[in-house]
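See below for the structure under consideration.
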Amino acid sequence: MTAASRIFRIATDPWIAFFALVTAAWAILIVGAASLAGHGTPSDLGPGIASISQLLNGIGRHIPPHAPHLHSNLTVIVAMWSLMSAAMMAPTAVPVLRAYRHIVEGSAGRIPRADFFAFVAGYAAVWGLFSVLAGGAQHALASAGLVTDAGISAAPWLTAGLLALAGAYQFSGLKHACLSRCRSPMGFFLSHWREGFRGALAMGLRHGAICVGCCWALMALAFVGGSMNLAWMGGAMVLMMVEKLPLGRRLTAPLGVVLLSAAAMVAARALTPL
């Protein structure tokens with residue numbers, strides 16, 4: 001193999017492209033968050049939004065440099081949620097992607113570029129739909145004054161409700177059913193295997209739906225931690241990655257207890273007169 005062909009093989013490796021996209025999503029979020037942090041109060045979001053909009057290169061219409069309200073532009077909110085989903089959830093899918101590639105390479109003896117990206121596309125499409133719904137929720141909540149322009153709950157009862165919902169969901173049958181499939185990638189493929197490009201796309205859609213079933217309630221806590229809070233995003237990503245591993249069985253119930261306890265504390269504080 002010549003040096004040129006070796007370089008081409010590395011450059012076109014699906015993993016290189018996959019992690020390049022994840023890195024790009026994190027880079028845009030970091031630049032946007034840094035821009036927000038450098039411009040005064042959390043409600044002064046115009047410069048940060050403008051940076052994100054320009055970096056997205058046309059996703060959503062241009063935001064004037066001093067636009068006062070994030071929630072006035074639904075397109076940008078959805079784009080931000082899409083970036084969050086890509087940055088946070090794509091890394092959690094690495095075990096199932098590794099299993100898929102191992103299966104296809106074992107049978108075909110080649111790097112399954114088209115099928116690999118079809119699977120990723122299906123997975124991403126489901127999280128894209130989630131981002132539309134989450135962005136719409138943020139737009140509506142911000143318009144009602146229940147969350148700030150930074151995407152943080154401004155109402156104690158909303159905060160308590162989100163924490164209680166996420167905590168209770170940790171004990172639900174649906175959560176455990178979805179987690180069991182995420183924790184056993186080979187089991188997922190044994191149950192749902194389909195050949196070819198269309199089969200990969202269908203499996204990606206199915207696994208994306210399972211992943212949303214695992215993580216939607218924890219992702220909704222962005223309204224508690226802040227939808228542009230990098231510390232929250234990083235911590236939540238690690239938490240969801242660990243929970244999807246076999247050792248995560250020891251984490252699910254204690255996390256539910258912590259979230260329910262936090263909900264009770266917020267509710268008690270809201271009831272306590274100043």
Side-chain angles (χ1 to χ4, degrees), residues 14-15 18-19 21-22 25 78 81-104 112 114-137 162 165-222 233 235-256 259:
W15 284 117
F18 175 77
F19 285 111
L21 291 172
V22 173
V78 171
W81 271 95
S82 298
L83 284 169
M84 283 175 54
S85 296
M88 296 172 65
M89 302 314 305
T92 73
V94 167
V96 76
L97 291 174
R98 288 182 61 190
Y100 176 71
R101 180 169 173 171
H102 177 76
I103 292 170
V104 177
D115 294 356
F116 183 93
F117 288 121
F119 188 94
V120 173
Y123 180 87
V126 178
W127 276 104
L129 176 59
F130 172 86
S131 298
V132 171
L133 297 175
L162 289 169
L165 176 64
Y169 191 65
Q170 291 293 108
F171 299 97
S172 70
L174 179 59
K175 169 87 175 189
H176 285 277
C178 292
L179 275 176
S180 67
R181 287 163 175 78
C182 287
R183 289 169 179 162
S184 178
M186 286 298 183
F188 168 80
F189 288 120
L190 286 173
S191 300
H192 305 293
W193 182 258
R194 296 181 64 179
E195 293 286 346
F197 182 90
R198 291 185 179 180
L201 181 62
M203 290 189 293
L205 288 168
R206 182 184 290 271
H207 192 74
I210 291 170
C211 186
V212 170
C214 287
C215 303
W216 69 268
L218 293 176
M219 286 290 284
L221 293 180
M233 282 188 272
M237 180 190 73
V238 171
L239 188 66
M240 289 183 284
M241 286 180 66
V242 173
E243 193 177 32
K244 287 184 176 183
L245 298 174
L247 60 86
R249 292 184 178 91
R250 300 179 181 179
L251 175 65
T252 302
L255 178 59
L259 291 171

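Worth saying up front: this structure is predicted, and the values here are computed from it rather than measured. Positions are given from 1, in the same order as the sequence printed here.
Of all heavy-atom pairs between P95 and P91, the closest is CD-O, 4.4 Å. Smallest separation of non-hydrogen atoms from A200 and A118: CB-CB, 3.9 Å. Looking at every heavy atom in both residues, A87 comes nearest to M237 through O-SD, 3.5 Å. Here the shortest heavy-atom pairing between L221 and L162 reads CD2-O, 3.6 Å. Taking both residues in full, the closest heavy atoms of C215 and M89 are given as SG-CE, 3.6 Å, listed atom of the first, atom of the second, then distance. Contact detail for Y123 and G208: the closest heavy-atom pair is CD1-CA, 3.6 Å.
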Please test F116 against V104 for side-chain contact (heavy atoms from CB on, under 4.5 Å), starting from the C-alpha separation and ending with a verdict.
CA-CA 9 Å; F116 183 93; V104 177; over 6 Å; no
Kindly determine whether F130 and V126 satisfy side-chain contact (heavy atoms from CB on, under 4.5 Å), including the steps that lead there.
CA-CA 6 Å; F130 172 86; V126 178; 6.0 Å; no
Show the numbers, then the answer: is there a side-chain contact (heavy atoms from CB on, under 4.5 Å) between V212 and L129?
CA-CA 10 Å; V212 170; L129 176 59; over 6 Å; no
CA sep, side-chain torsions, deciding dist, call: R181, C214, side-chain contact (heavy atoms from CB on, under 4.5 Å)
CA-CA 10 Å; R181 287 163 175 78; C214 287; over 6 Å; no
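I210 places a side-chain heavy atom less than 4.5 Å from the side chain of C182. You'll find the side chain of K244 reaches within 4.5 Å of the side chain of C211, heavy atoms only.
For A86, the side-chain contact (heavy atoms from CB on, under 4.5 Å) criterion is met by A25, not counting sequence neighbours. Residues satisfying the side-chain contact (heavy atoms from CB on, under 4.5 Å) test with S172, not counting sequence neighbours, are Y169, L174, K175. With sequence neighbours excluded, no residue forms a side-chain contact (heavy atoms from CB on, under 4.5 Å) with A124. With sequence neighbours excluded, the residues that form a ring-ring contact (aromatic ring centres under 6.0 Å, His included) with H192 are F188. Under the side chain to side chain donor-acceptor pair (under 3.5 Å) criterion, R183 pairs with T252, not counting sequence neighbours. Scored by the side-chain contact (heavy atoms from CB on, under 4.5 Å) test, L239 finds L251, L255 as partners (sequence neighbours excluded).
A distance-only check finds a donor-acceptor pair linking the side chain of H176 to the backbone of Q170 [under 3.5 Å]. One N or O on the side chain of R249 and one on the backbone of P246 form a donor-acceptor pair closer than 3.5 Å.
Ring to ring, F189 and Y100 are close: their centroids are under 6.0 angstrom apart.
Here the CD-CE distance, from E195 to M203, works out to 7.5 Å after rounding to the nearest 0.5 Å. Atom-to-atom distance recorded for L83:CG and M233:CE is 9.5 Å, nearest 0.5 angstrom. Atom CZ of F119 sits about 14.0 Å away from atom CZ of R101, to the nearest 0.5 Å.
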